[in-house]
Amino acid sequence: MRGAGSRLVSTVVSGTPRYRFAPSPTGFFHVGGARTALYNWILALANDGVFVLRIEDTDESRNEPQWTQGILDALAWIGIDSSDPHFEGPYFQSANAATHVEAAHKLLADGHAYYCDLTSEQIQERAKASGKPGYDGYSRDRGLTAQPGYSLRFRVPTGTTVVIDEVRGQVEFDNSTIEDFVLLRGNGTPVFNLANVVDDVSMKITNVVRAEEHLPNTPKQQMLWQALGHPVPSWAHVPVLVNEQRKKLSKRRDKVALEQYRDEGVVAPAMVNYLMTLGWAPTGDTEIVEFASIVADFKLSSVNHSSAFFDVKKLSAFNGEYLRKMTVEQFVAACEPWLAPDKAPWPADRFDQSVFLRIAPHVQTRVAVLSEVPAMIDFLFMADVVIDSAAFDKAFAADWARPLTRLIRDQFATVDWNPEALKNVVEVVGAASDVKLGKLQAPVRVAMTGRSVGPPLFESLEVLGRDETLRRIDAALTRAG
RNA sequence: GCUCCCAUCGUCUAGCGGCCUAGGACACAGCCCUCUCAAGGCUGCGGCACGGGUUCGAAUCCCGUUGGGAGUGCCA
């Protein structure tokens, strides 16, 4: 429910608020992670706080050093700049392993934890036998001491744990539904919940803003904070991003890599703006807003409670708007990576920046993502156009197509070479045979570009030049027979 | 199964008891503009999951039902 009554004012924290973003390095940057990072970043900026980046690399099997750079790059792309004074880190969880173990031992010494010799299989068997799932606290009072292979478990106290969440209000958990969870594995390594909390404590984190999937972990973590003798941070659990089936976005099924959208030519401000409209909306009737106004406007208490569908179509629409908002110079600069020799279909030496500059304003209104640009202008730089035969056949199907195109070609040979004059030729030829401009331009367009759609024809011809235009029309007439 | 979360057009959202005949955006359809395709302008389509309360008045508060989701690891 979004009622005001269920909202709680955030706990007043004296001093600098410290937010954190704690991804595990998994090889690519999840759009959901990007959104969570953005929330933390925006809050840090708005409250003159700190954004701490901590790489949770405890699971050695997934830890690859280059992934860390990937995270840094992805964050930088969406404007979370590691050189900004609000940014702190990156820290590596693996570097704090000793601290985690130390904390576990303190918990043990204070009676908040105990050792257990049961294996996972044994626990499962006991659970099956008793009909109650999970660990039953078998070793609670057995007074076991540390042994290789023994895990250390947290002694969950009786009572209820109330989590005060800035987006959800109060969430109550009956402690009897929470099992005595593992702190240290049999091999002595710390588990996520412990490491996560100990790091937050030692990094003096005051605000934990993360995805909703962590809400079930929160009572456990809160008990840990308290057992360790620290006041709990302010919690906020934001709704997850889902796919069309309303399932949490997953690497397997869904297109979730931020890098992938970047490589397709989604522009960072569009991505940031779009991500921020998922679960939240800027004040007023416009969704396309400056980042600065998002920073000024954003409040956790107005974040929605329900999951949001990550809609690529709407992202594209946002991106198109951002592209059109650019000046032509900005647009041209943004296109550059997609025109590079490794991406473009034309021979590098045939590309002409000044030619692109002249046609750029016309392609700017016609693309939603930058990766569409090469296909729209390739005819200008290819030695020979690639003809779409379906489009070609259709354009030359009518009886008038060949004779009138030939007529146009002959007049193109001598006419003044500017769009108006060129257009006039086609219009006059058409008028004489009662063929509308809209139809007559089709064969010429296919001859020139190989396609039936594209940038405005006469501007394109002007840029291409008379010789090349005549050559292509001749080629097309030959092909048409 | 158990614990927790959630529910406004197809989608993202506005809404905080009367400004609601429920507003905006994407998508979709139509019209205008137009050398194709876009862009732009205009119009349309379309929603408070259901049932009970509370109240003079409910999309908004309460309860229930139904439906969705997350978690339930010696993963993070």
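Computed from a predicted model, the values in this text were never measured in an experiment. Lettering of chains follows the sequences in order, A, B, ..., and the numbering in each one begins at 1.
Protein atom CG of N243(A) is 13 Å distant from nucleotide atom P of U11(B), rounded to whole Å. Spacing between atom CD1 of I359(A) and atom C1' of C35(B) amounts to 13 Å, rounded to whole angstrom units. Atom CH2 in W235(A) sits roughly 18 Å away from atom P in C4(B) (whole-Å rounding). Atom CD of Q221(A) is separated from atom P of A76(B) by 12 Å (rounded to the nearest Å). Spacing between atom CG of L437(A) and atom P of C33(B) amounts to 15 Å, rounded to whole angstrom units. When the P atom of C12(B) is taken as reference, atom CG of N304(A) falls 9 Å away, rounded to whole Å. Across the protein-nucleic acid pair, F318(A) atom CZ and U11(B) atom P stand 17 Å apart, rounded to whole Å. If you measure from atom NE2 of H237(A) to atom C1' of C5(B), you get 11 Å, rounded to the nearest angstrom.
No engagement by E427(A) is indicated, since no non-hydrogen atom pair under 4.0 Å with the nucleic acid exists. Using a 4.0 Å heavy-atom distance criterion, L461(A) is classed as making no nucleic acid contact. The residue G279(A) sits close only to the backbone: its heavy atoms come under 4.0 Å of sugar-phosphate atoms, none of a base. Counting non-hydrogen atoms under 4.0 angstrom, T177(A) reaches the backbone sugars and phosphates but no base. Residue contacts for P239(A): at a heavy-atom cut-off of 4.0 Å it reaches no nucleic acid atom on any strand shown. Across all strands, N217(A) comes closer than 4.0 Å to base atoms (heavy-atom distances). When heavy atoms are screened at a 4.0 angstrom cut-off, F181(A) is found touching no nucleic acid atom at all. The residue E213(A) sits close only to the backbone: its heavy atoms come under 4.0 Å of sugar-phosphate atoms, none of a base. If you check every strand for non-hydrogen atoms under 4.0 Å, F309(A) touches sugar and phosphate atoms only. Base contact: L457(A) has a heavy atom under 4.0 Å from a base atom. Looking at heavy-atom distances under 4.0 Å, Q124(A) makes no contact with the nucleic acid at all. H214(A) comes within 4.0 angstrom of a base, heavy atoms only. Looking at heavy-atom distances under 4.0 Å, A308(A) makes contact with sugar-phosphate atoms alone, never a base.
Along RNA chain B, the nucleotide closest to G134(A) and the one closest to S452(A) are compared, and the more 5′ of them pairs with S452(A). With RNA chain B read from its 5' end, the first of the two nearest nucleotides for T286(A) and A22(A) is the one closest to T286(A).
Using a 4.0 Å cut-off between charged side-chain N and carboxylate O, R54(A) and D200(A) make a salt bridge. No salt bridge links D199(A) with R20(A); every basic N to acidic carboxylate O contact stays at or beyond 4.0 Å.
Here the separation of C48(B) from C12(B), taken at their P atoms, is 16 Å to the nearest Å. G47(B) and G24(B) are spaced 15 Å apart, taking the P atom of each and rounding to whole Å. The separation of A59(B) from U43(B), taken at their C1' atoms, amounts to 27 Å, rounded to a whole angstrom. For the P atoms, the distance linking G17(B) with A70(B) amounts to 33 Å, nearest Å. Nucleotides U21(B) and C63(B) are separated by 27 Å at their P atoms, to the nearest Å. Taking atom C1' on both nucleotides, A25(B) is separated from C9(B) by 12 Å, rounded to a whole Å.
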Applying side chain to side chain donor-acceptor pair (under 3.5 Å) to T218(A) and R210(A), what does each step give before you reach the verdict? CA-CA 11 Å; T218(A) 309; R210(A) 64 205 337 184; 3.3 Å; yes

Pair L224(A), V201(A) - check side-chain contact (heavy atoms from CB on, under 4.5 Å), show working. CA-CA 10 Å; L224(A) 249 20; V201(A) 167; over 6 Å; no

Starting from the C-alpha separation in whole Å, work towards a yes-or-no answer on ring-ring contact (aromatic ring centres under 6.0 Å, His included) for Y261(A) and Y274(A). CA-CA 12 Å; Y261(A) 291 99; Y274(A) 175 65; 9.2 Å; no

What do the steps show when you test R185(A) against T189(A) for side chain to side chain donor-acceptor pair (under 3.5 Å), and what is the final call? CA-CA 5 Å; R185(A) 301 186 182 93; T189(A) 57; 2.9 Å; yes

Run the side chain to side chain donor-acceptor pair (under 3.5 Å) test on Q93(A) and D57(A) for me, step by step, so that the C-alpha distance in whole Å, both residues' side-chain angles and the decisive distance to 0.1 Å come before the verdict. CA-CA 6 Å; Q93(A) 185 158 73; D57(A) 55 352; over 6 Å; no

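For H305(A), a side-chain nitrogen or oxygen approaches OP1 or OP2 of C6(B) to under 4.0 Å. At the phosphate of C35(B), neither OP1 nor OP2 sits under 4.0 Å from any side-chain N or O atom of N424(A). Residue K247(A) places none of its side-chain N or O atoms closer than 4.0 Å to OP1 or OP2 of A70(B). A close approach under 4.0 Å does occur between a side-chain nitrogen or oxygen of R153(A) and OP1 or OP2 of C74(B). Applying the 4.0 Å criterion to OP1 and OP2 of C75(B), one finds that R185(A) has a side-chain N or O inside that range. Phosphate proximity of C12(B) to K314(A): absent, as no side-chain N or O sits under 4.0 Å from OP1 or OP2.
Q221(A) and W235(A) form no side-chain donor-acceptor contact under 3.5 Å, judged by distance and modelled atom types alone. With no hydrogens or angles considered, a side-chain donor-acceptor pair links Y114(A) and D180(A) at under 3.5 Å.
The two residues Q122(A) and D117(A) make their nearest non-hydrogen contact at OE1-O, 3.8 Å. The two atoms that bring L194(A) and L183(A) nearest to each other are CD1-O, 3.8 Å, heavy atoms only.
The pairing partner recorded for C33(B) is none, the criterion being a Watson-Crick or G-U wobble arrangement whose two distances lie under 3.5 angstrom. G18(B) is paired with C56(B) under the criterion used here, namely a Watson-Crick or G-U wobble arrangement in which both key atom distances are under 3.5 Å. Base pairing analysis places G51(B) opposite C63(B); the two distances defining the Watson-Crick or G-U wobble pair are each below 3.5 Å. G71(B) is paired with C2(B) under the Watson-Crick or G-U wobble criterion, all donor-acceptor distances under 3.5 Å. G44(B): Watson-Crick or G-U partner is C28(B), with both key distances under 3.5 Å.
Ring pair Y135(A)/F181(A): centre-to-centre distance not below 6.0 Å.
Side-chain N/O atoms of R246(A) and base N/O atoms of U11(B) include no donor-acceptor pair closer than 3.5 Å. A donor-acceptor contact under 3.5 Å is formed by the side chain of E459(A) with the base of C35(B). One N or O donor and one acceptor, one from the side chain of R366(A) and one from the base of C37(B), sit under 3.5 Å apart. Applying the 3.5 Å distance criterion, the base of G24(B) shares a donor-acceptor pair with the side chain of E287(A).
Residue S306(A) places its side chain closer to A7(B) than to any other of C5(B), C35(B), A7(B).
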Report all interatomic pairs (protein N or O, nucleotide N or O of nucleotides 40-50 of chain B) with separations under 3.5 Å.
residue, atom, partner, partner atom, Å
G40(B), OP1, R324(A), NH1, 3.2

